[in-house]
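Taking it in order: structure first as structure tokens, then the write-up.
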Amino acid sequence: MLQLIEWYNRNKRKLPWRNTNDAYKIWISEVILQQTRVAQGLAYYLKFIERFPDVSSLASANIDELMRLWQGLGYYSRAKNLLTAARQVVEQFDGKFPETVMDLKKLKGVGDYTAAAVASISFNLPAAAVDGNVYRVLSRIYAIDEPVNTTKGKQMFQQLATKLIDKKNPGTFNQAMMELGALLCLPKKPLCHICPVNEKCLSFASGSIARYPVKNKKPKQKKRYFYYYVINNKNNTFICKRISRDIWHNLYNFPLIEESRMLTGEQILSAIKKFSWLKCTEKTAIGISEEFRHVLTHQVILARFVRISGADIDKTAADKVLEIEISALDNYAMPRLITRYLEKHPLATR
DNA sequence: AAGGCGGGGTC
DNA sequence: GACCCAGCCTT
């Protein structure tokens with residue numbers, strides 16, 4: 001695989017986490033890049049390292065501030081797990097970042113891939129980091145028909161990558177494989193004509209690139225109907241922290257009623273009475289927004305926002321909701337659905 | 001082994 | 001629309 005390494009050294013992107021061997025920084029970069037493109041994660045990495053430059057600063061972080069830093073990046077359990085893992089390092093590893101694959105995998109949120117990436121890049125250990133790029137590259141080079149998303153398939157690819165890894169420069173090898181997948185061996189239109197290993201690529205030789213990687217089945221999406229009630233009382237509004245085992249865990253949003261079917265305008269207004277702490281009077285003004293469509297991997301959220309101003313609030317009964325100033329909304333981590341709504345329909349203060 | 005968990009880019 | 005991204009955790 002010498003051609004691959006040479007290609008990598010000539011063509012690799014200049015990325016901030018490639019200027020360090022600091023295991024903490026490599027770890028942060030790897031977690032940010034889980035199921036996330038470099039272009040999307042880069043800015044998050046920079047502000048994350050600036051705010052939390054080392055594991056001890058992260059270990060003493062506040063969860064709400066951490067979630068706010070992670071806002072918009074998705075897969076929010078990663079942020080929670082980072083905090084848990086940082087505290088593990090401080091408490092179980094005496095503040096010193098673990099240096100073996102086995103110990104790295106003890107950290108919350110660190111699986112086979114991330115452990116191998118940190119071990120190889122920071123500690124020069126011969127651990128093969130097998131991610132989506134590597135599945136694609138290897139399945140094409142060797143024309144492997146085994147599905148990559150089964151236990152058996154994953155084992156096979158892990159074994160193959162382990163056999164191929166350059167034991168002298170494992171970190172460079174791992175990154176070269178991934179960089180090849182990210183820059184040339186693309187999912188849709190791979191750039192085989194300039195690929196450094198095209199002469200060794202079985203699927204290129206047989207014109208069967210498009211068949212790889214083989215995957216079986218895809219989950220289908222479910223529809224959910226969200227009705228948010230956005231209260232605008234003078235300078236204040238009301239938000240709730242999402243605490244159930246569901247999407248957007250630990251993020252904030254507006255008081256919510258969820259239905260399995262679409263509601264009529266009349267039903268949306270009628271549902272207001274489910275909030276016992278909210279009393280509409282003759283002075284109350286109500287407006288229903290257009291539908292917001294928010295697509296996630298496995299579900300589609302169809303949301304409307306009901307703007308309510310001039311209502312009375314029974315604060316003794318409003319124990320599940322948090323009253324905040326509208327100007328403080330930015331301090332709370334919220335899903336993109338909510339920030340998109342607020343960009344389009346800002347809350348007015350007076 | 002299967003399902004849950006985001007948001008955005010690309011074709 | 002469908003697919004995919006430097007995956008991991010829970011059940």
Side-chain angles (χ1 to χ4, degrees), chain A residues 8 12-13 15-18 26-45 67 70-82 84-85 104-121 127-137 147-155 157-158 161 171 173-183 185-190 210 212-213 215-222 224 242 244-251 293-301 333-340:
Chain A
Y8 174 70
K12 65 185 174 187
R13 292 167 288 183
L15 299 170
W17 50 85
R18 288 187 173 155
I26 300 299
W27 170 53
I28 297 298
S29 74
E30 293 299 345
V31 173
I32 285 176
L33 293 175
Q34 285 168 9
Q35 294 291 282
T36 305
R37 290 169 199 279
V38 167
Q40 190 186 1
L42 184 54
Y44 285 85
Y45 172 82
M67 298 310 293
W70 206 268
Q71 171 176 298
L73 193 55
Y75 284 142
Y76 297 95
S77 64
R78 289 184 293 176
K80 175 76 182 302
N81 290 342
L82 278 182
T84 303
L104 284 164
K105 284 187 64 173
K106 292 175 183 169
L107 301 179
K108 191 79 167 175
V110 175
D112 290 331
Y113 165 78
T114 304
V118 174
S120 63
I121 297 170
V130 181
D131 75 333
N133 289 305
V134 177
Y135 287 129
R136 191 167 58 252
V137 169
V148 299
N149 56 347
T150 62
T151 303
K152 184 183 173 193
K154 284 173 185 164
Q155 278 179 354
F157 282 92
Q158 184 72 47
F173 175 86
N174 282 334
Q175 295 185 79
M177 290 284 287
M178 293 189 279
E179 195 77 340
L180 186 70
L183 297 185
C185 199
L186 304 173
K188 290 293 174 58
K189 294 187 171 181
Y212 302 101
K215 295 182 183 178
N216 48 12
K217 66 119 203 301
K218 62 219 164 175
K220 73 174 236 194
Q221 289 184 324
K222 280 176 276 196
R224 298 172 72 175
R242 297 181 63 88
S244 59
R245 300 172 65 86
D246 194 7
I247 58 172
W248 302 328
H249 187 62
N250 282 322
L251 271 64
R293 182 184 179 85
H294 190 79
V295 181
L296 286 73
T297 300
H298 47 286
Q299 48 190 294
V300 179
I301 313 292
M334 297 183 171
R336 270 301 279 154
L337 171 62
I338 303 295
T339 58
R340 271 201 298 135

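Lettering of chains follows the sequences in order, A, B, ..., and the numbering in each one begins at 1. All heavy atoms count here, side chains included; hydrogens, waters and symmetry mates do not.
- One can place OH of Tyr212(A) at 15 Å from P of dC4(C), the figure rounded to the nearest angstrom.
- If you measure from atom CG of Leu73(A) to atom P of dG9(B), you get 12 Å, rounded to the nearest angstrom.
- In this structure, Leu33(A) and Val38(A) have side chains that are in contact, with non-hydrogen atoms separated by less than 4.5 Å.
- The salt bridge (Lys or Arg N to Asp or Glu O under 4.0 Å) pairs that include a residue from residues 27-41 of chain A number zero, where partners must be two or more places apart or lie in different chains.
- The side-chain hydrogen bond (donor to acceptor under 3.5 Å, both in side chains) search around Tyr212(A) returns Asp145(A), not counting sequence neighbours.
- On the C1' atoms, dC5(B) is 16 Å away from dC4(C), given to the nearest whole Å.
- The residue Arg136(A) sits close only to the backbone: its heavy atoms come under 4.0 Å of sugar-phosphate atoms, none of a base.
- Between dC11(B) and dA6(C), the distance separating the two P atoms is 15 Å to the nearest Å.
- Between Lys188(A) and Arg13(A), the residue whose closest nucleotide on DNA chain C is further toward the 5' end is Lys188(A).
- Heavy atoms of Asn174(A) sit nowhere under 4.0 angstrom from any nucleic acid atom.
- Distances from the side chain of Trp248(A) to the nucleotides dG6(B), dA6(C), dC4(C) place dG6(B) closest.
- OP1 or OP2 of dG4(B) sits under 4.0 Å from a side-chain N or O of Lys222(A).
- Contact annotation for Trp27(A): no contact, since no heavy-atom pair falls under 4.0 Å across all strands.
- For the pair Gln299(A) CD and dG3(B) P, the computed distance is 14 Å after rounding to whole Å.
- Looking at heavy atoms from C-beta onward, Tyr75(A) lies out of side-chain contact with Gln34(A) at the 4.5 angstrom threshold.
- Applying the side-chain contact (heavy atoms from CB on, under 4.5 Å) criterion to Asn81(A), with sequence neighbours excluded, gives Ser77(A), Lys108(A).
- Residues satisfying the salt bridge (Lys or Arg N to Asp or Glu O under 4.0 Å) test with Arg78(A), not counting sequence neighbours, are none.
- Contact annotation: Lys215(A) side-chain N/O to dC3(C) OP1/OP2 distance is not under 4.0 Å.
- Both Lys152(A) and Gln40(A) lie near DNA chain B, and the one whose nearest nucleotide falls closer to the 5' end is Lys152(A).
- Across the protein-nucleic acid pair, Lys189(A) atom NZ and dA2(C) atom P stand 20 Å apart, rounded to whole Å.
- With hydrogens and angles ignored, the 3.5 Å screen pairs a side-chain donor or acceptor of Asn149(A) with a backbone N or O of Asn216(A).
- For Thr151(A), taking side-chain heavy atoms from C-beta onward, the closest of the listed nucleotides dA1(B), dC5(B), dC4(C) is dA1(B).
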Which protein N or O atoms sit under 3.5 Å from an N or O of nucleotides 7-11 of chain C?
from	atom 1	to	atom 2	distance (Å)
dG7(C)	OP1	Gly132(A)	N	3.1
dG7(C)	OP2	Gln35(A)	N	2.8
dG7(C)	OP2	Gln35(A)	NE2	3.4
dG7(C)	O5'	Gln35(A)	N	3.4
dC8(C)	OP1	Gly111(A)	N	2.9
dC8(C)	OP1	Thr114(A)	N	3.0
dC8(C)	OP1	Thr114(A)	OG1	2.6
dC8(C)	OP2	Tyr113(A)	N	3.3
dC9(C)	OP1	Gly109(A)	N	2.6
dT10(C)	OP1	Lys108(A)	NZ	2.8
dT10(C)	O3'	Arg245(A)	NH2	2.9
dT11(C)	OP1	Arg245(A)	NH2	3.1

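- Side chain of Ser29(A) to backbone of Ile26(A): a donor-acceptor contact under 3.5 angstrom is found.
- When distances run from any side-chain atom of Pro335(A) to the nucleotides dC5(B), dG7(B), dA1(B), the shortest one goes to dG7(B).
- Contacts of Gly181(A) with the nucleic acid, taken as non-hydrogen atoms under 4.0 Å apart, are absent.
- Not one side-chain nitrogen or oxygen of His249(A) sits closer than 4.0 Å to the OP1 or OP2 atom of dC5(B).
- Distance noted for atom C1' between dG7(B) and dT10(C): 22 Å (whole Å).
- Atom OH of Tyr76(A) and atom P of dG8(B) are 8 Å apart (whole Å).
- Atom CZ of Arg37(A) and atom P of dG6(B) are 18 Å apart (whole Å).
- Scored by the side-chain contact (heavy atoms from CB on, under 4.5 Å) test, Ala129(A) finds Tyr113(A), Ala116(A), Ala117(A), Asn174(A) as partners (sequence neighbours excluded).
- At whole-Å resolution of the value, CD in Glu30(A) and P in dA6(C) are 11 Å apart.
- Taking only side-chain nitrogens and oxygens, His298(A) comes nearer than 4.0 Å to OP1 or OP2 of dC5(B).
- Rounded to an integer number of Å, the gap from Arg242(A) CZ to dG4(B) P is 15 Å.
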